[in-house]
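Presented below is the structure to which this report refers.
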There are 2 protein chains.
Amino acid sequence: MSVTVLDVARAAGVSASTVSRVLNGTTPVHAAKRRRVLQAVRHLGYEPNGLARSLKQRKSLTLGLVVPDITNPFFAEIAKGVETASHRLGYSLILCNSGNAVERERRYLEVLRERRVDGLVFVPAGRHGDALRAWAARGLPVVLMDRVVAGVASDAVTTDNRFGMKLVVRHLVRLGHRTIGFIGGPRGVSSADERWVGFLEGLREAGLAPESRLMVRGDFTFETGLRAAPALSAAARGRLTAIVASSDVMALGAMRAVHQRGGRVPETVSIAGFDDIAAASLVQPPLTTVAQPVREIGERAVELLVGRVAGERTRPSFVRLKPRLVVRHSTGPAPASGARR
Amino acid sequence: MSVTVLDVARAAGVSASTVSRVLNGTTPVHAAKRRRVLQAVRHLGYEPNGLARSLKQRKSLTLGLVVPDITNPFFAEIAKGVETASHRLGYSLILCNSGNAVERERRYLEVLRERRVDGLVFVPAGRHGDALRAWAARGLPVVLMDRVVAGVASDAVTTDNRFGMKLVVRHLVRLGHRTIGFIGGPRGVSSADERWVGFLEGLREAGLAPESRLMVRGDFTFETGLRAAPALSAAARGRLTAIVASSDVMALGAMRAVHQRGGRVPETVSIAGFDDIAAASLVQPPLTTVAQPVREIGERAVELLVGRVAGERTRPSFVRLKPRLVVRHSTGPAPASGARR
DNA sequence: CTGTTAGCGCATTCAC
DNA sequence: GTGAATGCGCTAACAG
């Protein structure tokens, strides 16, 4: 069927092993033979069979990437970083979109094991982590991104979410805001939890008392923001001058809600997000947010993973990248005081 | 090292082939033995080696996905559809992000051949197509999405771009617009070319004369829209009442430019896009656009591909999906007449 | 129904 | 330096 090393060997008048050596540069080969081999390769249009090589060498040069939703711009950016780094280092990447479903996630890990991927770059969907623990228990390399899972001591690349969120709160406080609503992410997702804590700490730093009725949880969707903003306004009885969302998408939803009700951003209420997705700078007004080094997250994760595949480290490394505040026009000075709807 | 069929066979007191038969349901096996095999599998934590299976069966159950840019929401949606369909049909998906670079694209196709993927779902970067022709020449299945490549008679799933663009023009004409600017995509990208033609046809249908100075080409980026909108306004000397962009991202750029210069959408100028990416409904005002059945494009492409892998068809099928106009608030009645900046 | 045999295509011993 | 032999883990004949 397809042309094999043996075919090349025959055409070049050498043995299969010699062909292999030439192709992989494992061992020196006489220049003359080497040339004949290369020529035969070209002549026959030989293409090595990666499957056979992987089987023999017991490594597939393939990595798995599992994300909750590739259409989420944040994960798309991460995926791009992961893809770039993988191919740069000679690995192919199998894409798995878990759709935030734990069951699908479990199935994917199974498939990836069967495919004998050399490692896994992973943004876990929920808090759970059984499937992941099972994976790690087999000694298979895995690097978590964005969030960590309780009880799994694997490599991870995350953002300093607490710090990032405090940056936002400070910014708002400096602008004179005293009553700030918060739209958080799902409980149990570590990055969301950290942002929640960062928000509380930011308030405390400023001597502000948190009000639990002004803090709601969402699921990182636009709809959450859309619904939460009016709810927060109502809960604050007109005192609210700013809203911080735990993701840009939710912030965009909040902004939309404000506009729909005839409010203006930032005049009526300031709004800030987290992530700095592309859309953040494209909306009107452009969104103040916390920029995560997304590309870098993906790239560092792969580098860590490949290092571990090569057996470099033995203890898990935990990389925390610093985010930075990006001030745009969705935040402004707090209104002098008092009632507005 | 890892546990193999042979280990299972020994543990169950049967031959390796029987284990294989039980696992694959190829041939009936005595209930008792079957049970013992299954038990041994569970007991030993056996996991089939997909690499070995693929080598033997000469099919990898893997597909390649090549897109220009996974962070482009349009391609991200497509990727999601492709991923879902692939895994549903039992295939894994290798993700390749060509970054719109022909050379990277070429390298990817090479890698994918070495990996012995069973087929390729492909959004080609440019007009070229040599690498693709080489691929197809080897009889390897490929399905194009969104755009086709001249001289390559492969399966393809596309949108009826001409029709879609005419829908937009009709809509605008009905609103009273007579001087409409157009921001097109790159020449040689078939989908962009079709939209260009559709725009011209739409004008003609309405008895409007195209003005070449009111039609510019871009590269589907936000920046293109940002720059093109003012340029079109200037070229029209105040007569322009509407702008149609060949993609939502460019439309968003145009909208931003209008806002930056103090204009209002749609009062000053109506703006329409193409694709209906998520952001289109989230911006202010929500964008009138042509919705492509993105998810379906991805899914149909995979189904076509898998069908071809199975050797179902022999002639290339060319699927054209109908887009639909989504009227939102970025388009409105043309102003009574005359000058505005 | 089931065991035995024989590769899939390659890289790696081990001798020379 | 190089060839012959071996086996990675699996499934598909081929007999029984």
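Below, chains carry the letters A, B, ... as their sequence lines are ordered, and counting in each starts from 1.
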Residue set satisfying side-chain contact (heavy atoms from CB on, under 4.5 Å) with B:Asn72, at least two apart, ordered chain then number -> B:Asp69, B:Phe74, B:Phe75
* To do: Give a yes or no on whether B:Arg107 atom CZ has more than 12 heavy-atom contacts from other residues, nucleotides or ligands under 6.0 Å away.
  => no
note: A:His30, atom NE2; D:dT2, atom C1'; distance rounded to Å ~ 9 Å
Given protein heavy atoms under 4.0 Å, the one-letter contact record of nucleotides 11-16 of chain D, with B base, S sugar-phosphate only and - none, is simply BBB---
Would you say D:dT2 has OP1 or OP2 under 4.0 Å from some side-chain N or O of A:Lys33?
-> yes
The helix from C:dC1-D:dG16 to C:dC16-D:dG1: angle between terminal helix axes, five bp per end, to the nearest 10 degrees, reads 40°
To the nearest angstrom, the CZ-P distance between A:Arg10 and D:dG3 comes to 14 Å
Whole-Å distance, A:Asn49 CG to C:dA11 C1', equals 13 Å
So side-chain hydrogen bond (donor to acceptor under 3.5 Å, both in side chains) across residues 142-156 of chain A, not counting sequence neighbours, yields A:Asp146-A:Ser191, A:Asp155-A:Arg308, A:Asp155-A:Arg313
B:Glu47 CD to D:dC10 P, in whole Å, measures 11 Å
Taking distance alone, no hydrogens or angles, what donor-acceptor pairs closer than 3.5 Å link side-chain atoms of residues 34-42 of chain B to residues at least two apart or in another chain?
| unit_1 | atom_1 | unit_2 | atom_2 | d |
| --- | --- | --- | --- | --- |
| B:Arg36 | NE | B:Ala12 | O | 3.2 |
| B:Arg36 | NH2 | B:Ala12 | O | 2.8 |

Between A:Ser15 and B:Gly50, the residue closer to the 5' end of DNA chain D by nearest nucleotide is A:Ser15
B:Leu55 atom CG is separated from C:dC10 atom P, nearest whole Å, by 9 Å
Practice problem: Quick one: label B:Thr27 by what it contacts on the DNA or RNA (base, sugar-phosphate, nothing), any heavy atom closer than 4.0 Å. | Solution: base
note: A:Leu61, atom CG; C:dC10, atom P; distance rounded to Å ~ 15 Å
Rounded to whole Å, CZ of B:Arg116 lies from P of C:dG9 at a distance of 8 Å
A:Ala136 meets the side-chain contact (heavy atoms from CB on, under 4.5 Å) criterion, sequence neighbours left out, with none
Quick note, side-chain hydrogen bond (donor to acceptor under 3.5 Å, both in side chains) partners involving residues 21-32 of chain B, not counting sequence neighbours, are B:Ser20-B:Asn24
Cut-off 3.5 Å, no hydrogens considered: what does the side-chain donor-acceptor table look like for residues 294-304 of chain B, sequence neighbours left out?
| unit_1 | atom_1 | unit_2 | atom_2 | d |
| --- | --- | --- | --- | --- |
| B:Arg295 | NE | B:Glu77 | OE1 | 3.3 |
| B:Arg295 | NH2 | B:Glu77 | OE1 | 3.3 |

Between A:Ala52 and B:Thr18, the residue closer to the 5' end of DNA chain C by nearest nucleotide is B:Thr18
Between CG of B:Leu6 and P of C:dT4 the distance, given in whole Å, is 11 Å
Only one of B:Leu65, B:Thr71, B:Val67, B:Val66 passes side chain to side chain contact (heavy atoms under 4.5 Å, CB included) with B:Asn97, and that residue is B:Val67
Contacts satisfying ring pair (Phe, Tyr, Trp, His ring centres under 6.0 Å) that involve residues 8-28 of chain B (not counting sequence neighbours) are none
